[in-house]
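Take a look at the structure set out below.
The sequence lines fix the lettering, A, B, ..., with proteins before strands; numbering per chain opens at 1. Atoms considered below: every heavy atom in the structure, side chains included; atoms not considered: hydrogens, waters and symmetry mates. Quick caveat: nothing in here was measured; it's all calculated off a predicted structure.
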Protein chains: 2
Amino acid sequence: MDAREILQNTSIRLTPVREAILGVLLNERCPMSYREVAARLPGGQDRVTLYRTLSLFLKEGIVHRVMDMKGTWRFCAHDPGHPGCPGNHPHFACRVCGRMECLMEHSLPHLEVGPETVVEGKHMVLYGICRGCAVKKTSKKEAGSS
Amino acid sequence: MDAREILQNTSIRLTPVREAILGVLLNERCPMSYREVAARLPGGQDRVTLYRTLSLFLKEGIVHRVMDMKGTWRFCAHDPGHPGCPGNHPHFACRVCGRMECLMEHSLPHLEVGPETVVEGKHMVLYGICRGCAVKKTSKKEAGSS
DNA sequence: AGATAAATGCAACAGTGTTGCAGAAAGGAG
DNA sequence: CTCCTTTCTGCAACACTGTTGCATTTATCT
Ligand SMILES: [Mn+2]
Ligand SMILES: [Mn+2]
Ligand SMILES: [Zn+2]
Ligand SMILES: [Zn+2]
């Protein structure tokens, strides 16, 4: 399912900007900051348009978002219908390369809280060093000590 | 254990600013943003000093921090030696009053990730409406419909 | 094609968090 | 106590995320 198709299944208007933005998200399939999305966009879209578009996608339920360790929102689009898709999975953030990935194979655990408290959602972010960066680091060390 | 005592157990210098800041954190015992701390401080401390002090406390291990749903760090000091104190517990953030609380009775679940990946820490934030705000809302509704 | 509602771009703003630097203060030595 | 060194504090400036208001452009429907 491509960007155009997904957008036509919603009530919002199909525009070149929206198609491009959703295209980027579908291409990467990992949570991206506005800045990362902007960098992969062809031409000078406005920051504000990008923010508004991402918020709109979120409201329409075609993306989910997570906050990373730097306090910026990251938006991610998966195939609609994917199990655990609306964001009900934990994420991993790499402090070296800054990338984030969805841990789609896990679901978020349920926690009991006090009686009156209303839990509307939950976020879980693991952080550290991703596979790619860990491997690179190891081989650098080995090269250094040889 | 008061602020002065805690600070004297570390290698950093004891200053009035630090004592005041740690005093505020110990008094509230819930994760506070720099802004909330500043509001409870007597006089015109500089923003930068506050940020630097909180970072220092973090490095010394006398506070832990969590990021809230607005992307701001919140710092919290508990009694040292409290079980699950270094921040290894989930938190709850209220979207109405903006306050955050530590769910000290829970510990963070362990998740299996890929082989090479290095997990250095994890954050879990539940969000919604806290007890206080939920009760207030309910009684307001009841008053309205009577 | 024309009308209308919505999307885009621009300017300005509020807020968090960071850095560099100069003056003030803490802690230790004599 | 006094001096000295280290480090803390405050100030100015900055980078960045995210938001709002408004004018202009564009998509969609008749
Ligand atoms: Mn995800
Ligand atoms: Mn806590
Ligand atoms: Zn990485
Ligand atoms: Zn509340």
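- Between the P atom of C:dA26 and the CG atom of B:Leu7 lies a distance of 14 Å, rounded to the nearest Å.
- Separating the NZ atom of B:Lys59 from the C1' atom of D:dC8 is a distance of 13 Å, rounded to the nearest angstrom.
- Applying the side-chain hydrogen bond (donor to acceptor under 3.5 Å, both in side chains) definition to pairs two or more places apart or across chains, those involving residues 37-49 of chain B are B:Glu28-B:Arg40.
- Side-chain atoms of B:Arg99 do not come within 3.5 Å of backbone N or O of B:Ala93 as any donor-acceptor pair.
- Residues forming a side chain to side chain donor-acceptor pair (under 3.5 Å) with A:Ser55 (at least two apart in sequence, or on another chain): none.
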Using a 4.0 Å heavy-atom cut-off to protein, can you give one letter per nucleotide of nucleotides 25-30 of chain D, 5' to 3': B if the base is in contact, S if only the sugar-phosphate is, - if neither? --BS--
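- For the ring pair (Phe, Tyr, Trp, His ring centres under 6.0 Å) condition, the pairs that include at least one residue of residues 27-50 of chain A, sequence neighbours left out, are A:Tyr34-A:Tyr51.
- Rounded to whole Å, the distance from CE on B:Met69 to C1' on C:dG15 is 18 Å.
- Within the structure, side-chain hydrogen bond (donor to acceptor under 3.5 Å, both in side chains) contacts touching residues 111-120 of chain B (residues at least two apart or in different chains) are A:Arg95-B:Glu120, B:His110-B:Glu112.
- By the 4.5 Å side-chain criterion applied to Ile, Leu, Val, Met, Phe, Trp and Tyr, B:Ile129 is assigned to a cluster that also includes A:Val118, B:Val96.
- Summarising the geometry, the separation between CG on B:Asp46 and P on C:dG20 is reported as 16 Å, rounded to the nearest angstrom.
- Nucleotide C:dT16 holds its C1' atom 14 Å from the CD atom of B:Glu36, rounded to whole Å.
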In the 5'-to-3' direction, what one-character label does each nucleotide of nucleotides 14-21 of chain D receive under the scheme B = base within less than 4.0 Å of a protein heavy atom, S = sugar-phosphate only, - = no such atom? ---BBBBB
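- With rounding to whole Å, B:Gln45 atom CD is found 16 Å from D:dC8 atom P.
- Applying the side-chain hydrogen bond (donor to acceptor under 3.5 Å, both in side chains) rule to pairs touching residues 1-12 of chain A yields A:Arg4-A:Glu19, sequence neighbours excluded.
- Between the NZ atom of A:Lys70 and the P atom of C:dT18 there is a distance of 10 Å, given to the nearest Å.
- Applying the side chain to side chain donor-acceptor pair (under 3.5 Å) criterion to B:Arg29, with sequence neighbours excluded, gives B:Asp79.
- The separation between B:Leu58 atom CG and C:dG17 atom C1' is 14 Å, rounded to whole Å.
- Ring pair A:His123/A:Trp73 is perpendicular by interplanar angle, where above 60° counts as perpendicular and below 30° as parallel.
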